[in-house]
Amino acid sequence: MPAIKKILVANRGEIALRVMRTAREMGISTVAVFSEADRNAPHVKYADEAVCIGPPPSKESYLASDNIIAAAKSLGVDAIHPGYGFLSENAGFAKAVKEAGLIFIGPSPASIEIMGDKLSSKHAVAAYDIPMVPGTPDAITDRVAAKAKAAEIGYPILIKASAGGGGKGMRVVEKEDEFDEQMDRAADEALSAFGNGSCFIEKYFSQPRHIEIQIMGDQHGHVVHLFERECSIQRRHQKLIEEAPSAILTPEIREAMGICAVNVAKACHYYGAGTVEFIVDENLNFYFLEMNTRLQVEHPVTELITGIDLVKEMIHIAEGKPLSFKQEDLQIKGHAIEVRVCAEDPANNFLPNVGILQTYVRPQGNGIRIDDGIEEGMEIPIYYDPMIAKLISYGNNRTEAIEKIIRAIDEFKITGVVTTLPFCKFALRHEAFVSGNFDTRFVSLYFTPEVLEEEADKNELEIVAVLAAELLKNKNKLKKADNGTTTVNNASQWRKNRKN
Ligand code: ADP
């Protein structure tokens with residue numbers, strides 16, 4: 001396959017910029033696509049060329065595959081990188097890109113198709129001795145049989161949409177008499193959100209951790225894993241804080257999960273970057289959840305602990321090159337943590353809170369990486385995902401990574417929109433997070449809007465304390481200038497006198 005010279009990134013925001021930066025480092029020119037809402041967005045300014053592909057709603061722009069492919073063809077593009085979200089897991093798009101004579105920087109349409117559906121992915125891996133979450137192997141058509149299975153698994157159970165994604169299409173059923181109602185709701189939701197109403201049952205884990213394995217495969221049948229990411233701090237089944245490595249995995253479990261993930265990839269002849277997600281119970285038993293056939297939002301933490309640029313590797317793989325490393329070349333070095341900065345109000349159920357970004361000052365310094373796609377003064381469009389930036393820290397160990405990211409959160413100045421940063425700071429300092437002893441229930445167990453108020457009060461108290469100390473210092477200086485002794489000495493003298 002010929003070398004790629006020009007890439008179109010079929011995405012927006014931070015991920016479009018992140019892909020273009022690596023392309024630029026590789027001497028590859030870049031094309032941005034944008035909707036009318038993103039005319040002045042940073043990813044448009046950064047690209048060598050840019051094309052408007054439609055009005056603001058995603059369906060008419062970032063999901064309009066024909067417009068995107070037409071733009072690529074008219075500008076002599078060799079390859080399309082889909083980023084994450086939008087068309088990244090759309091097998092039809094990957095196929096159309098190929099049929100247009102372009103390279104899709106990602107897996108084959110067949111792999112996307114198999115893994116894009118939770119049930120078909122479970123079928124595909126069945127022969128590979130992968131631990132599976134107990135549940136129904138097929139879509140529910142017979143309610144009586146489904147209820148019998150639910151009783152066998154034991155309530156509560158989870159009804160999931162086969163085509164589900166982004167934490168949507170999941171319903172917990174606490175007891176049998178709620179089954180029919182929740183089943184109807186799940187099917188309706190799945191039909192309207194994904195155009196496919198088929199649902200299945202899974203055992204509902206009451207204290208689960210979400211731990212996933214990054215894999216990478218080439219077109220010559222080599223597949224390796226790049227260790228795990230711990231993603232258990234979530235709201236609405238969606239991740240907010242991710243870290244690598246996990247605080248709880250032993251080398252043996254890491255190795256076992258890695259082997260399983262490689263086998264999952266092999267089950268669908270996978271190439272490119274992919275993620276195999278597992279649910280881990282309180283005894284560290286792990287079970288296959290699903291595979292995401294794309295670059296993940298949280299990929300930077302893996303890049304930091306392995307030193308590998310995943311996008312560069314994806315481009316090489318798309319060019320037909322073999323993987324540039326073997327499993328035994330990979331090592332975990334240090335610790336990385338990512339927090340998602342979303343324009344959401346943690347005090348109001350994490351509801352999106354878009355508006356104009358009046359102040360936007362990024363933190364800097366040793367061990368801090370920011371991936372974003374916004375600028376001060378910009379309006380956060382209501383049409384797209386509310387994530388505006390990713391703040392990532394890297395340290396020699398977990399404690400250092402936590403210290404650095406908290407320092408960076410304190411330096412991050414954002415006004416005009418409310419963000420998830422105060423919640424993230426709360427979580428990162430919480431005893432459960434610090435000890436590593438937490439699961440996906442973190443928000444429901446420990447978080448209430450009041451803790452942010454307490455935090456704000458604490459900050460105010462700290463400021464008052466600093467000001468008071470400053471005042472005292474100045475007063476002491478003045479006194480010293482007056483009589484040649486310091487107040488501190490006076491105070492210790494006073495204490496001495498009192499003892500006597
Ligand atoms: P999606 O494709 O919508 O992201 P996933 O299957 O990846 O759905 O699950 C998203 C999250 O939902 C998980 O990280 C976990 O928090 C929760 N979850 C999924 N399956 C289960 C389960 N069987 N028991 C408990 N929680 C689950």
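All values derive from a computational prediction rather than experimental measurement. Both ligands and their constituent atoms are indexed starting at 1 by order of listing. These values consider heavy atoms only, across backbone and side chains, with no hydrogens, waters or symmetry-generated copies.
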Work out which heavy atom in [X] is nearest to a heavy atom in [Y]; give both atom names and the distance.
X      : Y      : result
Asn90  : Gly92  : OD1-N, 3.0 Å
Ile112 : Ala94  : CD1-CB, 3.8 Å
Asp184 : Arg143 : OD1-NH2, 2.6 Å
Tyr383 : Ser58  : O-OG, 4.0 Å
His123 : Pro137 : NE2-O, 3.0 Å

Nearest neighbour in protein (non-hydrogen) for [atom]:
atom                    : answer
atom 10 (C) of ligand 1 : Met170 CE, 3.6 Å
atom 22 (C) of ligand 1 : Leu158 CD2, 3.5 Å
atom 19 (C) of ligand 1 : Lys160 NZ, 3.4 Å
atom 24 (N) of ligand 1 : Phe205 N, 3.0 Å
atom 23 (N) of ligand 1 : Lys203 O, 2.8 Å

Quick check on contacts: which atoms of ligand 1 are under 4.0 angstrom from a heavy atom of [X]?
X      : answer
His210 : 13 (C), 14 (O)
Gly164 : 2 (O)
Thr440 : 16 (O)
Glu277 : 7 (O)
Lys118 : 1 (P), 2 (O), 5 (P), 6 (O), 8 (O)
Gly167 : 1 (P), 3 (O), 4 (O)

Task: Polar contact flag for Leu289 and ligand 1 (N/O pairs, less than 3.5 Å) - done: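 Looking only at distances, the answer is no, because the N/O contact criterion of under 3.5 Å is not met.
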Open item on the list: Please compare Gln234, His237, Arg209 and report which has the shortest non-hydrogen distance to atom 16 (O) of ligand 1.
Closed with: Gln234
Task: Best match, Thr275, Ile211, Ile279: closest heavy atom to atom 18 (N) of ligand 1 - done: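 Among Thr275, Ile211, Ile279, the closest heavy atom to atom 18 (N) of ligand 1 belongs to Ile279.
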- [ ] Would you indicate whether Glu113, at its atom CD, is surrounded by more than 12 heavy atoms from other residues, nucleotides or ligands within a distance under 6.0 Å?
- [x]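 For Glu113, atom CD is not crowded (no more than 12 foreign heavy atoms under 6.0 Å).
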Task: Lys239 contact mode with ligand 1 (heavy-atom cut-off under 4.0 Å) - done: neither
Open item on the list: By the definition salt bridge (Lys or Arg N to Asp or Glu O under 4.0 Å), identify the one residue from Arg21, Arg340, Arg362 that meets it with Asp372.
Closed with: Arg362
- [ ] Would you confirm whether Tyr270, through its side chain, and Ala273, through its main-chain N or O, come within 3.5 Å as a donor-acceptor pair?
- [x]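 Looks like yes, one N/O pair under 3.5 Å.
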Task: Pair Arg185-Glu181, salt bridge (Lys or Arg N to Asp or Glu O under 4.0 Å): steps then yes or no - done: CA-CA 6 Å; Arg185 284 200 193 174; Glu181 190 195 334; 3.0 Å; yes
